[in-house]
Amino acid sequence: MMGDAVTTVTKIVEIVMKIKKAADMVKQNEDVCKQIQSRVEILSSTLSQYQDNEELMDNWGVMRTLEALADVLGEALKLVTDCQEADTNFVCLFYNAGNLSQELIKVEQRISNKNMDAMFAIMAFLLPKPTTPSSVRPTAQERQV
């Protein structure tokens, strides 16, 4: 399974590089594209640090969140690439740029959400596991006494 997780992280890094390149050439919605570019660059450098951790990459929860993140990044790449197209008709340009801006804002939020999911899964994996079985732990009522 580690190969799948590493492949997913590699895919994420590749998509991030494409987003970075595409954001540098946008002709509309530059501000939102640059925000997405900045967010995904940080995300990529953070995830790259964990790529060689075999146990982490074998964790099912981590793998699922990374796959979801890769999917959202693919959507972001398409939207940022769409911003490279210049429309010569001013009315079409204004209408399309507004709609595209809303889609970019939505995908940026989804990137943030999926990134939080992935970071939570990584943190949950890395945190020390409780050594006391839950059946032995005192209940809330027992702790209040």
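Because only heavy atoms are used, hydrogens play no part in the values below, and waters and symmetry mates are left out as well, while side chains stay in. Quick note: residue numbers are just sequence positions, from 1.
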Keeping the roles fixed (side chain from Asn29, backbone from Val32), state whether a donor-acceptor pair exists under 3.5 Å. no

Worked check of side-chain contact (heavy atoms from CB on, under 4.5 Å) between Leu47 and Ile122: CA-CA 10 Å; Leu47 285 178; Ile122 290 169; 3.9 Å; yes

Going by salt bridge (Lys or Arg N to Asp or Glu O under 4.0 Å), Glu108 matches just one of Lys114, Arg39, Lys34. Which one? Arg39

Which atom pair, heavy atoms only, marks the closest approach of Val80 to Ala23? CG1-N, 3.6 Å

Set out, in order, the CA-CA distance, both residues' side-chain angles and the distance that settles side chain to side chain donor-acceptor pair (under 3.5 Å) for Ser101 and Gln28, then state yes or no. CA-CA 9 Å; Ser101 177; Gln28 53 183 314; over 6 Å; no

Are the charged groups of Lys20 and Asp24 less than 4.0 angstrom apart, N to O? no

Let's go through Thr81 and Lys18 carefully: what are the C-alpha distance in whole Å and the side-chain angles of both, what is the deciding distance for side-chain contact (heavy atoms from CB on, under 4.5 Å) to 0.1 Å, and is it a yes or a no? CA-CA 9 Å; Thr81 302; Lys18 290 177 184 177; over 6 Å; no

Distance, nearest 0.5 Å, that separates CG of Asn99 from CG of Leu79: 11.5 Å

Minimum heavy-atom distance between Ile19 and Gln37, given as atom pair plus value: CG2-CA, 4.4 Å

Separation between OG1 (Thr7) and CD1 (Ile12), nearest 0.5 Å, reads 11.0 Å

Basic-acidic side-chain contact under 4.0 Å: Lys106, Glu103: yes

Answer yes or no: is there a side-chain heavy-atom contact under 4.5 Å between Arg64 and Asp117? no

Verify the distance criterion only: is there a donor paired with an acceptor across the side chains of Asn113 and Gln109 at less than 3.5 Å? yes

Heavy-atom closest pair, residues Leu69 and Ile111: CD1-O, 4.0 Å

Distance (rounded to the nearest 0.5 Å) between Leu104 CG and Asp82 CG: 8.5 Å

Can you confirm whether Leu126 sits close enough to Asn53 that some side-chain heavy atom of one is under 4.5 Å from a side-chain heavy atom of the other? yes

Measure the shortest side-chain to side-chain distance between Val72 and Asn115 over non-hydrogen atoms and say whether it is less than 4.5 angstrom. no

Approximate separation, where rounding is to 0.5 Å, of Ile36 CD1 and Leu43 CG: 12.0 Å

Atom of Ala76, atom of Val107 and distance for their closest heavy-atom approach: N-CG2, 3.8 Å

Using side-chain heavy atoms (C-beta onward) and a distance below 4.5 Å, is Thr65 in contact with Met119? no

Is there a path of hydrophobic side-chain contacts, each under 4.5 Å between heavy atoms of I/L/V/M/F/W/Y residues, joining Leu100 to Ile105? yes

Please check if the side chain of Ser44 supplies one atom and the backbone of Val40 the other of a donor-acceptor pair under 3.5 Å. no

Closest non-hydrogen contact found for Glu67 with Thr8 is N-CG2, 3.8 Å

Heavy-atom closest pair, residues Tyr50 and Met57: O-CE, 3.5 Å

